[in-house]
S.K.: 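My structure is below; once you've seen it, I'll send some questions.
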Amino acid sequence: MRDVRRANRASLLTDLFHGGRQSRQQLGDTTDLSQASVSNLLAEMIDEGLVEEAGLVGSDGGRPRALLRVAPGYGYVAGADVGDTRVLVELYDLAMSRLAVAQYPLGDDGPDPELTAAKLLEGLEAVVAEAGIERFEVLGFGVGVPGVVDQSGAAPVVHSQTTGWDAVPLGEMLRAGTDVPVFVENGAKTVGQAEMWFGAGRGARHAVIVMIGTGVGAAVVMDGRSYRGAFSNAGEWGHTTLVYDGDLCRCGARGCLEAYIGSATVIARLAAATGQAAEPKLLTRMLAADGVLEGEVAEIIAQTIGYLGAGIAGLVNLFSPERIVLGGPAGLALGERFLPDIRAAAARNALRQPYSRTRIDICQLGPDVVAMGAATLPIARLLADGGLPATAGSPPPRAARGRLKSRGRN
Ligand SMILES: [Zn+2]
């Protein structure tokens, strides 16, 4: 019975979170539940403070109906972006309003695991203090990192060949420093989840979000769920071979897609061609300028688009997604200016039938949504659990936290 109740609450809560304000009637129509159980479960969740009434909607001739929503202040979620040179921590309410931000430099030698963990914990405390909330009101702390995150053990472990993280037990390191539940995920996957929930992926069941920056990765969503593979390694699209025995990649192999479309490579080629310094913003700056691209620059960009199209074609042929969404700083810069060319390059390399069913778009949420995406990790858990605690027998989270709260304020 408990499991059925949990599943029913999860389905209602998920509909309410993703569908926005709805009346009890509308929720009854969109779920398989009877109107009576919808009303009962909603009453329960309103009682717990998880769901609240927010305005009225007119009904034909009858009394206006109350609209319901997930209560934005039921709890808060923190999200972090671990980059090559800095750590960013943000705090959100359940309506995804950003309440506080903290940022720390990590130095230029790539992210050191100990320093990163320390700064993440410092950032968590800082955003909680800035927002003026209590730590126990934070439902979870999601952290987006470069590389592969192994979720098979008791706590997440990070492997990132490109930043030199070899089996870093980041989950354990963070849990030693906070009692807030910690979630760790690959940064491209967190962006993928943000775009699926709030951006260009909304409404699609099968999509691939590709991220092109210094690193190149993809978040594959199959039937509404992120595809992780047997050991969470799936989606390392940047390290699929584009050219056999081709250019050396950061991962140590030759000919990876990343060695051709990763921004570091493209920037190095542009810098060599133009005599400009190979600085991180060179590519986005050149693409943002209105002028026509000429000579070697035009050639390098055209080649990059060709490689990208070939890579996308591989995704189309493998997964036949409804949508492929381009993101990451270089992906956005290329997509904003050259989307028709990228589509044409993909069309040249993909099988016609799956390609004809795929739409290629660009991310809508901007280049910096790793932290926001990471903040959705604890929300996904909350929705999947229907707002009930994960272990049987313990009180609902809000009740437990409510008691703490009143004790703290008396
Ligand atoms: Zn590689």
Side-chain angles (χ1 to χ4, degrees), residues 81-85 109-111 113 144-150 157-168 170 184-192 208-220 226-272 278 280 282-283 300-301 303-319 324-335 342 345-346 349-350 367 370:
D81 175 6
V82 176
D84 283 344
T85 56
D109 305 329
V145 295
V148 164
V149 182
D150 183 353
V157 173
V158 184
H159 307 268
S160 172
Q161 263 164 266
T162 51
T163 55
W165 283 25
D166 186 15
V168 171
L170 188 65
V184 183
E185 182 57 284
N186 167 271
K189 290 199 175 76
T190 72
V191 173
V208 183
I209 318 282
V210 309
M211 301 293 300
I212 310 163
T214 311
V216 175
V220 179
S226 183
Y227 179 72
R228 316 185 53 86
F231 305 102
S232 312
N233 297 7
E236 289 292 332
W237 177 58
H239 301 284
T240 53
T241 305
L242 181 68
V243 179
Y244 175 71
D245 211 20
D247 292 353
L248 189 62
C249 178
R250 289 197 299 173
C251 73
R254 286 194 170 273
C256 295
L257 181 63
E258 186 177 298
Y260 293 86
I261 67 166
S263 49
T265 310
V266 180
I267 286 166
R269 296 176 68 203
L270 289 170
L282 183 64
L283 173 63
I300 292 166
I301 299 297
Q303 281 169 352
T304 306
I305 288 168
Y307 296 138
L308 172 57
I312 290 174
L315 294 173
V316 170
N317 292 347
L318 271 177
F319 299 110
I324 289 183
V325 184
L326 289 174
L332 281 173
L334 284 166
I342 294 167
N349 290 283
V370 171

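One is the number of the first residue; the rest follow in order along the sequence. Atoms considered below: every heavy atom in the structure, side chains included; atoms not considered: hydrogens, waters and symmetry mates. For ligands, and for the atoms within them, numbers begin at 1 and follow the listed sequence.
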S.K.: Partners of Arg269 by salt bridge (Lys or Arg N to Asp or Glu O under 4.0 Å), sequence neighbours excluded?
M.R.: none
S.K.: If we only look closer than 2.8 Å, how many protein N, O or S atoms does the Zn ion (ligand 1) have near it?
M.R.: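 My tally for this metal is 4.
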S.K.: Within the structure provided, determine whether Tyr307 and Leu242 are in side-chain contact (heavy-atom separation under 4.5 Å).
M.R.: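 They are in side-chain contact.
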S.K.: Below 3.5 Å, can you tabulate the donor-acceptor pairs from side chains in residues 245-254 to any protein atom, sequence neighbours excluded?
M.R.:
| residue | atom | partner | partner atom | Å |
| --- | --- | --- | --- | --- |
| Arg250 | NE | Glu258 | OE2 | 3.1 |
| Arg250 | NH2 | Glu258 | OE2 | 3.4 |
| Arg254 | NH1 | Gly246 | O | 3.1 |

S.K.: Please enumerate all residues that pass side chain to side chain contact (heavy atoms under 4.5 Å, CB included) together with Pro113, with sequence neighbours excluded.
M.R.: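 Partners of Pro113 under the side chain to side chain contact (heavy atoms under 4.5 Å, CB included) test: Trp165, Val168, Met173.
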S.K.: Compare all side-chain heavy atoms of Leu170 with those of Val149 and state whether any distance is below 4.5 angstrom.
M.R.: no
S.K.: Testing Leu257, Leu308, Thr304 one by one against Ile212 for a side-chain contact (heavy atoms from CB on, under 4.5 Å), which residue passes?
M.R.: Leu308
